[in-house]
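Read the structure below first, then the notes.
Here is the naming used below: chain letters follow the sequence lines, and residue numbers restart at 1 for every chain. Computed from heavy atoms alone, side chains included, the values below leave out hydrogens, waters and symmetry copies.
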Number of protein chains: 2
Amino acid sequence: MGALRMGGEEAEGRNALARGSWKQDPDAVKTDILRVAREEFATHGLSGARIDHIAARTRTSKRMIYYYFGDKDGLYRRVLEEAYRTVRGREASLDLAGLPPVEALRKLVGHTFDHHRDNPEFIRLVMIENIHHGAHLAVSDVIRELNSAAIENLEDIYGRGLEAGLFREGLSALQLHWQISALSFFSVSNRATFTLIFGDSLYAPDRRGDMRRDVEEMVLRYVMK
Amino acid sequence: MGALRMGGEEAEGRNALARGSWKQDPDAVKTDILRVAREEFATHGLSGARIDHIAARTRTSKRMIYYYFGDKDGLYRRVLEEAYRTVRGREASLDLAGLPPVEALRKLVGHTFDHHRDNPEFIRLVMIENIHHGAHLAVSDVIRELNSAAIENLEDIYGRGLEAGLFREGLSALQLHWQISALSFFSVSNRATFTLIFGDSLYAPDRRGDMRRDVEEMVLRYVMK
DNA sequence: GTAAGAATGTACTAAATAGTTAAAAGCGTC
DNA sequence: GACGCTTTTAACTATTTAGTACATTCTTAC
């Protein structure tokens, strides 16, 4: 007894693991679960996400989710950690030390803006985490390593700008990072409501470059003498 | 078993409506439900909110929630609409027409910043609505009326600043509103994760004025020649 | 006062959902 | 080639949760 046949796509994926002949590949299974879970959490939030939905779109089963990640919160935490880890990796790739301060700052701002716009899934995860008052990030150890890259870059640039007499005194790298983040983050996080209320003129596809330039301009004008 | 006693406030509230003698007061009931529901939705999100929790903290019953608001989504939509309505009311109270452009702009920015900081519940509702891609705002009629106040104020100020030769050309009220909103909104929406990662130096109670001044400064420097 | 309708209380239901149980198949090791 | 550990399958459960049925009480118009 027990219906052994399954429908469509699922069947193919599962056939490889069908009863009586399957290969063990724990890493691939974990990666697969995390990929699907990231989409589910980013789309529906923590409470809105359904373990059964995730399981259905994975090539493995619900049991494995619990086997590897313990419970729903554990899975969510891992998804969040991986998201932050990935972002951190990308940030390091920027080489600004060789550029003069103004150009370096402009490039950093533009890069941050683009990065946010290109990774709405990550933005959504951060929004969701903020809805939950950062409770899951608080018990994670990944975060402490995160402050380094962006802030250190900014500190270097700001310092060089000061020395060159181009930037005004009394600002801080942390504050600048905050402002750059605010403008870049909001551009993604509040797009839905903003567009609904004010129309999509600011968000037309060919306007993305304009918005980016405006954000760069705003930061530069704030920093420069 | 069967604890019949309830704690403090609740008991009093329900006694008034106890079996055999109760007064009808539909408006008070609706208001009460909306107040509790707003807190619940703002705290836990749409999927995370529990109708039973709302009912328990209301002085009426779950039955009445469905009687007046149809279903969970209907209740959420009403909460959202009321939140926007309230905000719109407060925005109109600002009188800037008499001020010279620079001061008017500074005051508008400061007011927006303060308003966001003082109404985190509203910010959270907007965050939640964005998580849901604005799907509920999209089917509401309250929003269309909203664009007016803030944008018109800005248009007036910007126009007067141009005439006076104080502001630079080529900007738009919508864009300015976007930037002001971004800085003010982010200050509340991402406070949790930002504080966890970078510490609370920017958010220390005695620093709020500094942040407000920085935001004002950033906008003014962007707009002025 | 009485009938019709609005408002409310109590108890219930059906479905969804996080998490579990039990067993069996692969895999390395001796 | 069997033993122990890891990985996987399939079916199951207990609880939570949105939503409802139905009776009852208040209010107002006549």
Quick one: [X] [atom1] to [N] [atom2], roughly how many Å, whole number?
X	N	atom1	atom2	answer
D32(B)	dT8(C)	CG	C1'	14 Å
D52(A)	dA11(D)	CG	P	15 Å
K62(A)	dA11(D)	NZ	P	13 Å
K30(B)	dA7(C)	NZ	P	7 Å
I51(A)	dT16(D)	CD1	P	17 Å

**Asked** Can the ring centres of F186(A) and F186(B) be said to be less than 6.0 Å apart?
**Response** no
**Item:** Near-ring test H116(A)/F122(A), centroid separation under 6.0 angstrom
**Value:** no
**Prompt:** Does a donor on one side chain and an acceptor on the other come within less than 3.5 Å for Q175(B) and Y222(B)?
**Reply:** yes
**Request:** For D32(A), enumerate each residue passing the side-chain contact (heavy atoms from CB on, under 4.5 Å) test, keeping only those at least two apart in sequence or located in another chain.
**Result:** R35(A), V36(A), T58(A), R59(A)
**Asked** Does anything in residues 63-76 of chain B reach DNA chain C, meaning a heavy atom under 4.0 Å, and if so which residues?
**Response** R63(B), M64(B), Y67(B), Y68(B)
**Request:** Could you label the plane-to-plane angle of the F198(A) and F194(A) rings as parallel, tilted or perpendicular, counting under 30° as parallel and over 60° as perpendicular?
**Result:** tilted
Extract all donor-acceptor atom pairs below 3.5 Å that involve side chains of residues 199-207 of chain A and protein atoms in other chains or at least two apart in sequence.
{"from": "Y203(A)", "atom 1": "OH", "to": "S187(A)", "atom 2": "O", "distance (Å)": "2.9"}
{"from": "Y203(A)", "atom 1": "OH", "to": "W178(B)", "atom 2": "NE1", "distance (Å)": "3.2"}
{"from": "R207(A)", "atom 1": "NH1", "to": "S201(A)", "atom 2": "O", "distance (Å)": "2.8"}

Taking only side-chain nitrogens and oxygens of [X], does any of them come within less than 4.0 Å of OP1 or OP2 of [N]?
X	N	value
T60(A)	dT9(D)	yes
S61(B)	dT8(C)	no
R50(A)	dA18(C)	yes

**Prompt:** When all nucleic acid strands are considered with a 4.0 Å heavy-atom cut-off, which category describes A28(B): base, sugar-phosphate, or nothing?
**Reply:** nothing
